[in-house]
Structures are given as structure tokens and as C-alpha cells.
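Beneath this line is the structure, given in C-alpha cells, with notes to follow.
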2 protein chains.
Amino acid sequence: MAEDGPLKMADVARLAKVSMSTVSRALADNPLIPEDRRREIQRIAAEAGYVINQSARSLRMRKTQTIGVVFPLGHDVGQLISDPFFIEMFGRLADEITTRGYQVLLCRVTDTSDGWLNRIIQSHRQDGLVIVGQSDQHEALNHAAESYHPLVVWGGHLSGQVYCSVGTDNIGGARRAVDHLLGLGRKRIAFLGMLELPEISLRYEGYVRALRAAGIEHDPALVIPAHFSFETAYEAARELIESGTPFDAIFATSDIIALAAIQALAAAGIDVPGQVSVVGFDDIAIAAQSTPPLTSVQQDLAKGARTIVDLLFKRMAGEDAPSATLLPKLVVRKSCGG
Amino acid sequence: MAEDGPLKMADVARLAKVSMSTVSRALADNPLIPEDRRREIQRIAAEAGYVINQSARSLRMRKTQTIGVVFPLGHDVGQLISDPFFIEMFGRLADEITTRGYQVLLCRVTDTSDGWLNRIIQSHRQDGLVIVGQSDQHEALNHAAESYHPLVVWGGHLSGQVYCSVGTDNIGGARRAVDHLLGLGRKRIAFLGMLELPEISLRYEGYVRALRAAGIEHDPALVIPAHFSFETAYEAARELIESGTPFDAIFATSDIIALAAIQALAAAGIDVPGQVSVVGFDDIAIAAQSTPPLTSVQQDLAKGARTIVDLLFKRMAGEDAPSATLLPKLVVRKSCGG
DNA sequence: CTTGCTTTTGCAATCGATTGCGTTAGCGTA
DNA sequence: TACGCTAACGCAATCGATTGCAAAAGCAAG
């Protein structure tokens, strides 16, 4: 009957015939307690099935051994699971965090009303925060970062940014993708994405720069707003096609958007890559498996997650860690021909 | 300067010129405090940027507003992220849980030494547990379930099972898949999977029953152990091919295994579905996108997750919720011909 | 002005661990 | 035996909220 009672440290103390102080220190491997006695107390605790109550421990120590991972992305329930990119990022972050002996708390933010970030921070549920994606919360992040240090953001590096961020070189990645399309002789390249999001607007910047460098006039009719979900992206692509605006290539700002575009093109009887070349962004797992396999700008998520968590732990230790930028790589597959 | 200080409830009490008791009740919308005063105190607290400290609250209330999601699956770091099935399941669970106003704590178990489950339970970090996959921990789960009620497991329903589980009808699903292959005229059907895992052994049961019903002799040489990772599955398929054992179909116990097998077959110059039909299990997102598109036994994860969380909340409320079984559906695509 | 009842409010104990500081035990030396 | 010193150990305060119980305040009727 030992192991299912709601055992407290005081019970263990009684069993071991010492004070709670001693039990606490023994379980924490505090050298104030002689080695053999420590082992003995640990054995007694383990045999009794005793486990430290983390709520009490967190309160007293003011730390939770937990990292919060926050997704401030959109309000609809479907968002989290719909995007393979975020899911993969989450998995990688979880690996890095648990490897360091911390727990992972998932925070989905559906209510971005004033002070949402402060509400998370002050709840003291976690010792540090990773924010995946800036969404439209640049200001809120900047403000929070002023007083809260253990915070790292995955996203683009923006001007006037106070918080620490890790992200791909969005401008360079987009530039590389569009340059590749131009190199294939494509001249009317459509851009699919939400300009309101910082990372996407950086990719747009790269798109524009590539066109300008090639001396090609930039046609606003080719810039199509497209959300991250497959359905809305499909719709956006269909409208582009039906608009009659001529185009011979698509630069999609995510793989999901690219895949949706490919399906929309196929439905319209347009050959990829024969008539239209398509390039995506992220290089998620499906990209290599699609038909045709998708050319995409690869973000090294494993490295990204490692960097994020490294920086976060530095900041938790009080050091001041700078933002980091990762170099993207263009992975060429069949979807753009050549 | 209000909102960045480490404000405590006592500070709010001072601001509002009432006692802490009153603040606590006001923030909890306790009708003991008159409506207008409640609003007033809430406003003062919000303006000061005060947020309740969850560690303290959890300790006192003995509840954390958190559900733990546990993956007891394998010890290597790569496991979590490698399997799209678990990732998708996690996303769906997270949706269901956060929708109910609870937080999600991810517990990756790397140390399954004696009492691992008890260590999680007694840490009191969560109010309830979802265990994704039984792995080889049937006994441990049974034992824990005797004294700990808010616990639901995703997995197969086994004989002598005490804990509450939700899962697909593995036997029926496998039966349907193999029946379909038999219907196509296939007679030498290989089975790829780890028999040690309960769910897989149930699928094996369905495989055997289908063969028996068709009057086909069951050849042990066609039963190949294969882990869930792509690389090891590829290796297993390659060995089957090289063994020279004749076969005209593969029933893979997961889509990842199926996709690995298809690639191994392609590498050996064997046509799918021309020479060999392949069926997978799970129907993950990639299945529809692969070349050729994969026939697979679909598990309705959205419904599964909803059911799991429903049952869990019932159990947390003290009701006794029974196990549930979901009906799988065979999604026929090109990989098995026909 | 009492009395009696209801509505508000606050005191103080409690949740279960950690830790600064003071006390005791143990041992060696004079 | 007395004294000094260090190594072990325990007392009690503390972390920040919640809540049972009792007291105070408000109000109406007698």
C-alpha cells in the first residue's frame, strides 16, 4: 500500500526518522548531507513511491523547469494542426528542450487582446518562452522584451527590433528562388502570400529585388494575397488563373500554398512545369513526395530549433544573446522544370 | 511603471483598498462579492497588469488546469518528430484540450525504468493524462489505472485491460486491408511491422484471420519485423526483396513503412502496383501525395482525439468512462492497383 | 434604540516544498 | 573533565494564492 498514498515529504521524513529539511536536501543531492545517508534517504523515498510535488517546488523556488512554446497564429481552431511547418518546428523544439531536462508547455494563443503576452509571462508557468512566428505582434513582442529576458522568437529580423529572434534570411531565400525562375527564362512570376506578416513581407522584398535586378517590370496584378491554409490558398490560385492575367511561374511563400497552387493549375488543365513553374518555401516533408516534386526554399528547422533553444538558455542564465539568421538553401526538384 | 513589477495579489488589494480575500474572490467571479465591485476590482487588476501566479494557485487548489500528453515511445531523440502520425495526433489533442481551457504539457518519456508513470502522476504537474500509444507498457498502465483515474490511453484494446483506452479496431482494419488485396487476386501477402507492440499484434491477428478465411496458407517467411522509422523500414523491405521469397503484395502496419517499402521496391526495379500491391495504415497526409498515391487504412484522428479528451474530462469529473473503439475505413488509391 | 436578519468583508490557516541561520553532536586535544 | 572546532541537522519563515469561519456592516421592523 506504500506507493499510491498521497505521500508528502513529511511522510518520508518520518519513515527515514529525520527532519524534512534533511529529506529535501538529500533528494536534491546536497553535499551538506553525507553521501551514504543521502543514498539511504533516496532509497527510502523511492521505495515508498514518493515524488516531489512540483507545484509546491515551483512556488518556493520560483522556477518551473518548463519552457513555454507559444503559437500566436490565427484564431481558428484548425490553425495549429493545419500547418505542417509549425508542427515540425514544434517537434524539433520539444526535442531540444526535453533533452535539456525541461518540460514543454504548449500555449496556443487565441485571444490576442491587449496584454496577451504579459498574461502568459506573469502567470509564471514557465521559466522561458519561445514564440513561433511573429504574426502581427511585433510591437507586443518588442514591448515585452524590454522587461522580460528569457524570450526568443522564431521569425524575421525587423528594423527596430528589441527582442531576440532566430530565422531564415527571408530576403535572400526569396531572391534565390526568384532568380532561379528567372534563370529558367520565366518572366511573369506571380507572388502568393500575406504581405501583412513580417516574414512574408521580407520574402516579398526579395522577390521585388530579384525582378529589379533582372530589369523586369513589377506587375501588381501578379501579387496575390494567400493565407496559409490549403483551402484559401487554392481559392487564391484559382482566382489568379481565372483573372486571365498571364503568368508563367509562381513563387509561393509556403509549401502548402505551392501545393494548393499546383492542384489548382492541374484542375485548370495547366501543366506544371511545362507551362508554369512553381517554387515553394519551407521544404516540408511532403514537398519531396508531391507530384511533381516541389522545388522549395529549405529552412533548416533542426538547426533553427537548436539555435533558438541555445539562445533561450543563455538568456535564462542571464547572458545577453544576440539574434541569429540562418542561411536558406534552394532545393531544386521537378516542379519548376529545367 | 505599473505593469512590469512582480505584482502580487496583496499589491492589488492595497490598490483597491480591500483585503486579499476580496481580490481573490473578485477575480474568480465569486458572487459573494457584489457585481459592480467585482468589475471594479477586475479593472484595477487588469490596469495594473496583474496576473495570478499559477504556481501558488496550483498548490493551493490542487489543480493545474493542465493536461499531460505522454509519448512513451522509444528512447531515441529522433522518435518524436520522425513519425507524422504522432505529430498529427498531438496537434489534434492540443486543439481539443486548449478549446476546453486547459494547457497542454508534453511529456516525453525517455526513461521507462520502474515507476516512470507513477513519477509523472505524483509530480502533480497535470490534472489528467493522455498516453499516446501503449508501447510495451501495458502492465505499467494497468497498474497505474488502479489508483489514478484521470487517464486515457490511445491504443489497442487488450484483454485484461483495466485502463480506459480509445483506438481503432485494429483487427477489423487489417482484415479489411488484406481482404482488399485478396480481392485483387494477390495471394502472397507480406506483413511488415513490430509484433511486440500491442496494436501491431492486433493488426497481425486481422491479417492472419483474413488469410485463413480465404483458405490461404500463412507463410512465416512473409512476416517481417519493421520499426516505425523510414530508414529501418526501408532496410527491412530491402531484406525481404533480397531474400528471394516470392510475394505479390505488402500489408504495411504504418504509412511510413509502406512508403519506405515502395521506395525499396522502386529501387529494385519492381513496379507498384504492377507487380506488387502495397497497403499502408493510418492514412497520414503524405499518403495521398505519394507516388503512387497510397492505399491505406484510415484512422479518424480528429474523432479519436475528441473522444479521448471527452472521456478524459468525464473521468476528471469523477464519472466512469468506458473504452471506445473507432471504425477504420479503407481508402483505396493507386498503390494497390485495381 | 434594540433586535434580528442578510449581505460583505477580513482573519488566519492551509497547500507542500526549500533554505538561512542557529543548535546539537561528535571528536580531538589539552 | 573541559574546551574548541567542524560536520550534521532541524526550526521556522517563506513562496503567493484560496477559503472556512467569524465578525462587521447594513437595513428593516418592533
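Lettering of chains follows the sequences in order, A, B, ..., and the numbering in each one begins at 1. Nothing here was measured: the structure is a model prediction, and the numbers come from that model.
- Applying the salt bridge (Lys or Arg N to Asp or Glu O under 4.0 Å) definition to pairs two or more places apart or across chains, those involving residues 114-125 of chain A are A:Asp111-A:Arg119.
- The side-chain hydrogen bond (donor to acceptor under 3.5 Å, both in side chains) search around B:Glu40 returns B:Arg43, not counting sequence neighbours.
- With sequence neighbours excluded, no residue forms a side-chain hydrogen bond (donor to acceptor under 3.5 Å, both in side chains) with A:Tyr148.
- A side chain to side chain donor-acceptor pair (under 3.5 Å) check over residues 51-60 of chain A, counting only residues at least two apart or in different chains, returns nothing.
- B:Arg60 comes within 4.0 angstrom of a nucleotide base, judged by non-hydrogen atoms across all strands.
- Legend: residues meeting salt bridge (Lys or Arg N to Asp or Glu O under 4.0 Å) with B:Asp127, ordered by chain and number and at least two apart, are absent.
- DNA chain D lies under 4.0 Å from at least one heavy atom of each of the following residues of residues 11-32 of chain A: A:Val18, A:Ser19, A:Ser21, A:Thr22, A:Arg25.
- On the nucleic acid side, DNA chain C contacts chain A at distances under 4.0 Å to non-hydrogen atoms, with the end points of that region at C:dG16 to C:dG20.
- In summary, the aromatic rings of A:Phe228 and A:Phe85 are positioned with their centroids too far apart to meet the 6.0 Å limit.
- Axis angle across the helix from C:dC1-D:dG30 to C:dA30-D:dT1, with five pairs used at each end and values rounded to 10°: 70°.
- Atom CD1 of B:Ile33 is separated from atom C1' of D:dT19 by 12 Å (rounded to the nearest Å).
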Can you list, pair by pair, the side-chain donor-acceptor contacts under 3.5 Å of residues 23-32 of chain B, counting residues two or more places apart and other chains?
| unit_1 | atom_1 | unit_2 | atom_2 | d |
| --- | --- | --- | --- | --- |
| B:Asp29 | OD1 | B:Arg38 | NH1 | 3.4 |
| B:Asp29 | OD1 | B:Gln42 | NE2 | 3.1 |
| B:Asn30 | OD1 | B:Leu32 | N | 2.8 |

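- For A:Arg100, the side-chain hydrogen bond (donor to acceptor under 3.5 Å, both in side chains) partners two or more places apart in sequence, or in a different chain, are A:Glu96, A:Asp310.
- The list of ring-ring contact (aromatic ring centres under 6.0 Å, His included) pairs with a residue in residues 114-140 of chain B, not counting sequence neighbours, reads B:His138-B:Tyr163.
- Contacts of B:Lys8 classified as side-chain hydrogen bond (donor to acceptor under 3.5 Å, both in side chains), with partners at least two apart in sequence or in another chain: none.
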